[in-house]
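By convention in this document, chain letters (A, B, ...) are assigned in the order of the sequence lines, proteins followed by strands, and residues within each chain are numbered from 1.
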Amino acid sequence: MSGLSSSSDAPVLVVDGMNVDIAVPAGALHAVSDVSFSVRPKETLCLVGESGCGKTITSLALMRLLPRTATLTARKIAFEGHDLAKISERAMARLRGYRIGMIFQDPMTSLNPVYTIGNQLEEVYLRHHRGASRKQARERAEYLLSRVGIINAGQRLGQFPHQLSGGLRQRMMIAMMLMCEPALIIADEPTTALDVTVQVQILQLLRGLQDEFNMAMILITHNLGVVARTADQVAVMYAGRVVEQGSAEDVFHNPAHPYTRGLLECMPKHGQAASMGRLGSIPGIVPSLVGNQRGCSFRNRCSLQMPTCHEGQIDLRPARGDHFYRCLLEPGATKPRPVSLGSAA
Amino acid sequence: MLRFFVRRLIIALCVAITVSIIGFSLLRLSGDLASVLAGENASPEDIARIAINYGLDRPFYIQYLDWVTSALRGDLGRSLFTSEPVSELIMDRIGVTGGLAISALILALLVAVPLGVLAAVKANTWWDRAALIFSVAGQATPNFWLALIFILVFAVQLRWVPVSGSGSIAHFILPVVTLAVSIMPSTMRLTRAGMMEVLSSDYVRTARAKGLSPFKVLFKHALRNAILPVVSLAAVQLGFLLGGSVIVESIFALNGIGYLAFQSIVRVDFPVVQSILVFLSCAYIVLTLLSDLINAKLDPRVQLR
């Protein structure tokens, strides 16, 4: 919806050629390979994929909160004049919670059990606003709690996380990350741990606040329903790579990659009765990411596999305009290419 | 908070009563006190006279009730050996033992907690291994051996501190260090384990995602959670130090409760022994209660349990 109106704005974040390798006993695990994307103010980019496809590692890499065994490299990660791949840890800490906020999956474990909600909200503000008084921080905290839909905000400030429901805790988490009005918010499966009824409320809240605070958002999810509800741009990840990338409309209506089509078939369609048969599923599991990757990482689960899928490096290529995919077939092909056209003929 | 406190207090009282009964019974089960007191060659008449004299001929529960009621009035009886009131004997020595135990605990915490934090932050590095070696060595070294080595090195060779006695603060340095070293390893390992767990927790990641300084992440968000089990352990250790410093008190000739207990056992001075037993148990119970209260103060979730 905001895709057109904000297309003239410069991107808040430009990620170019980001890789994350994790040292494991068997060698280097390529958790994220050659990921590039950008997000503009008020725009939502959804990173979609199965568990283990590198979504969360991507988000942690942007926050520079990767585990110690991981190494991040990138041509650049441009954010407000900084290169997040290169700035010092001190400089990065000054951006976290201030210009970039992050919302985590499980609100039950992501809040410190021994400090009050007020304390945990105020400390973000006090950290990033030198000379601000406790009173100012408290007022800001109270305002944001009421802004994320928590009633009796003043009273809630004195409570501890265990006294709140999961939905309220996630609202509190959102309020905490908005204390300093960041330009970019990264939400890693923000609704996965919540009741279905609460999920919708939280998503609507996030979209509303995003418009109000003029924020760019990267939303990580495996739930295509969430993507359909929120995304302007979509990047589908598989085995650490982006396999398809484009506007939500293009990706949903004209999926170019066999994996994306498989994912969409796994999703119950609106109005589809239970009697209309089984939901689709993609057979097989995500391949190991240790060692050198050759060819298409999806090929072993792909019904359209061809001999050429095993070879070389497959680049992202345009399907149409700003819509990219990583496959040797024509966009949206439903049959493998005739053997006569392939190199193995 | 008040309900929590009252509930814990009632539990503590029940434990105290049970312990006093068990302690009292054990002493009487250990043999016929009257004949032990009378000596090997005593005649049956002598034994009977002694039994009547000390009230040992009465039924067991009467003896217990009699002892408890006078104990509640502050009268713990008199020592069979010195005829001094037992309460005075204990009060005279509680300062030495208490001071020793508390100083040793404080010293141990001051060393072991920062070391545990360091070992966790620098997990699997040279620092961590050094801390591990220190703790294994500390755990494996017997108290008395360490005490003797300390005396040899610091008192006899270097003459920095006096060998034994309790005349000045300097007399307490070696005993305090000896006791502290004996409880450091467990405290350090528990702090390290707690920190390791907490540092990988989601809320510490959140704290870092808020841009907080490493210092705040470590000491405000992580340590406060990691220290909770250490508080409980410290209470147990203090109890252990109060009752278990017999050897150290003997070596350094410090006139404390442990030493008194040791002497009284040797002399079959049963009024003193049973009073020390119950006194130390009560100290243990009070310490446990105290650690529960500190934990409740540190962790708001505790009161719900």
Is the backbone of [Y] close enough, under 3.5 Å, to the side chain of [X] for a donor and an acceptor to pair up by distance?
X: A:R127; Y: B:G211; answer: yes
X: B:T206; Y: A:S110; answer: yes
X: A:Y98; Y: B:K210; answer: no

Heavy-atom pair count under 4.5 Å with chain A, highest-scoring of B:L228, B:D202, B:V198: B:D202

So for [X], is it side chain, backbone, both, or neither that comes closer than 4.5 Å to the heavy atoms of chain B?
X: A:L60; answer: side chain
X: A:M177; answer: side chain
X: A:M179; answer: neither
X: A:R90; answer: neither
X: A:M176; answer: side chain

Provide the closest heavy-atom pair for [X] versus [Y] in the form atom of the first, atom of the second, distance.
X: B:Y203; Y: A:N112; answer: CB-N, 3.5 Å
X: B:P300; Y: A:P113; answer: CG-O, 3.3 Å
X: B:A209; Y: A:M102; answer: CB-CB, 4.4 Å

Closest-packed option against chain B by number of heavy-atom pairs under 4.5 Å, given A:E123, A:M108, A:R68: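 Counting heavy-atom pairs under 4.5 Å, the top option is A:E123.
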
Mark yes when over 12 heavy atoms from residues, nucleotides or ligands other than [X] sit less than 6.0 Å from its [atom1]; otherwise mark no.
X: A:K86; atom1: NZ; answer: yes
X: B:I169; atom1: CD1; answer: no
X: A:Q201; atom1: CD; answer: yes

Side chain to side chain contact (heavy atoms under 4.5 Å, CB included) evaluation trace for B:K220 with A:N119: CA-CA 11 Å; B:K220 180 178 175 185; A:N119 185 324; 2.5 Å; yes

Side chains of A:T109 and B:S201 in contact at under 4.5 Å (non-hydrogen atoms): no

B:R301 vs A:F160 side-chain heavy atoms within contact, under 4.5 Å: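 No, their side chains stay 4.5 Å or more apart.
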
CG-NE2 distance between B:D299 and A:H162, expressed to the nearest 0.5 angstrom: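 With rounding to 0.5 Å, CG (B:D299) is 8.0 Å from NE2 (A:H162).
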
Side-chain donor-acceptor pair present, A:Q120, B:H221, cut-off under 3.5 Å: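 Not at all, the side chains of A:Q120 and B:H221 share no donor-acceptor pair under 3.5 Å.
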
Geometric cation-pi criterion, B:R224 with A:Y115: 6.0 Å, 45°: yes

